[in-house]
2 protein chains.
Amino acid sequence: MNSEFIIAVHSLVLLAHRPEGTASSEEIATNVCTHPARIRKVLGCLRKEGFVATREGSGGGYTLIKEPEEVTLADVYRAMAAGSLAPSWCSGNPEMECMVGSNMQDVMNSVFCGADQQLEQYFSQITIGSMLAQIRERQNA
Amino acid sequence: MNSEFIIAVHSLVLLAHRPEGTASSEEIATNVCTHPARIRKVLGCLRKEGFVATREGSGGGYTLIKEPEEVTLADVYRAMAAGSLAPSWCSGNPEMECMVGSNMQDVMNSVFCGADQQLEQYFSQITIGSMLAQIRERQNA
DNA sequence: CTAACTGTAATTGATAATATTACAGTAACG
DNA sequence: CGTTACTGTAATATTATCAATTACAGTTAG
């Protein structure tokens, strides 16, 4: 799994937790434990996909512009990491003579496409809001 | 996803395709397109898990000792790559003060545990035998 | 005894992931 | 205005991970 997916989810949960839904890249970076430049890159992507609004300049930052309960992890997954299940490494080779070796890439690919869909379906049941709720439960326990 | 999972699946399908269910690490490596030493490592693991038998010495090699239709990708996944969905990279830090940052690792972890189970369930519907059948279909088409 | 194997570990090389730095562009605020 | 505090983006370094390769001890058939 793409670690940018994790950063995106964490950032969205943090924004949802903020009363105004707003934070700067530095605040988010501190919370996520990474570099502000990386946050800016990931949240720039989330902006293009319509999850957050950004304001440049002094006092600027990132604002969540969707209801936390309506943003599913599947939405985030599609935006950040779709198809990332299959490893870059590939077995077999379509050019070879052996029936198994020459067809394996295609068959393996279809297996991973199905897995990706399965994963997306699972993620569609989890929202940014429900993750925040889980965190609050843990805190109270 | 772990690429050893792919190597394991490919190797098992190849063995299933062989009349005697047998091949040497070099034959498998050629078919998979990797190095024999890597095959030996992966299939050594499959031996420990009871999928194949190995014979050392001259004329030795690897033999499939299960029915291809009864070996599911979930079995292989558990043996080779269980829990490999979650990235090594971790966001947040349990030591920090912020509720979100300090609990994110745990919550994220539970999300990925669920995803892993989901994936395993999907893989349990696919067998080495069914993959070989798919390959044969493609070949005929 | 030799040839053909597996088992395993160490080393190297390649690639990808992450952190860091740098700086241009933008907006608030005095 | 000019200064300060931000984002956007790219380039560069640094690490970490993955895969190939090499090496060699142990095993078995003939």
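Residue numbers start from 1 in every chain, and the chains themselves are labelled A, B, ... in the order their sequence lines are given, proteins ahead of strands.
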Do [X] and [Y] have side-chain atoms, one donor and one acceptor, less than 3.5 Å apart?
| X | Y | result |
| --- | --- | --- |
| A/T72 | A/S124 | no |
| A/Y77 | A/N2 | no |
| B/R40 | B/S24 | no |

Euclidean distance, atom [atom1] of residue [X] to atom [atom2] of [N] [Å, nearest integer]:
| X | N | atom1 | atom2 | answer |
| --- | --- | --- | --- | --- |
| B/I39 | C/dG7 | CD1 | P | 12 Å |
| A/L43 | D/dC6 | CG | P | 15 Å |
| B/N2 | D/dA19 | CG | C1' | 12 Å |
| B/R47 | C/dC5 | CZ | P | 18 Å |
| B/E26 | C/dC5 | CD | P | 7 Å |
| B/I6 | D/dA19 | CD1 | P | 9 Å |

Below the 4.0 Å mark, does [N] have OP1 or OP2 next to a side-chain nitrogen or oxygen of [X]?
| X | N | value |
| --- | --- | --- |
| B/T54 | C/dG7 | yes |
| B/S3 | D/dC18 | no |
| A/R55 | D/dA5 | no |
| B/S58 | D/dT27 | no |

Among residues 12-24 of chain B, which residues get a heavy atom nearer than 4.0 Å to DNA chain C?
B/S24
With nearest nucleotide decided by heavy atoms, which residue, A/G59 or A/K41, maps closer to the 5′ end of DNA chain D?
A/G59
Check whether any side-chain heavy atom of [X] lies under 4.5 Å from a side-chain heavy atom of [Y], and answer yes or no.
| X | Y | answer |
| --- | --- | --- |
| B/R55 | B/T63 | no |
| B/H10 | B/N31 | yes |
| A/V111 | B/V9 | no |
| B/F51 | B/I65 | no |
| A/S91 | A/Q105 | no |

Has B/Q125 got more than 12 heavy atoms of other residues, nucleotides or ligands less than 6.0 Å from its CD?
yes
Which sits closer to the 5' end of DNA chain C, A/I7 or B/Y62, going by the nucleotide each is nearest to?
B/Y62
Identify whether the distance between the nearest side-chain nitrogen and carboxylate oxygen of A/E49 and A/R78 falls below 4.0 Å.
no
Ring centroids only, cut at 6.0 angstrom: are A/Y122 and B/Y122 within range, meaning strictly under it?
no
Can you pull out the residues from residues 79-95 of chain A that lie within a 4.0 Å heavy-atom distance of DNA chain D?
A/W89
Please verify the inter-ring angle class for A/F123 with A/F5; under 30° counts as parallel, over 60° as perpendicular, anything in between as tilted.
tilted
Filtered N/O pairs between nucleotides 20-25 of chain C and protein, under 3.5 Å:
none

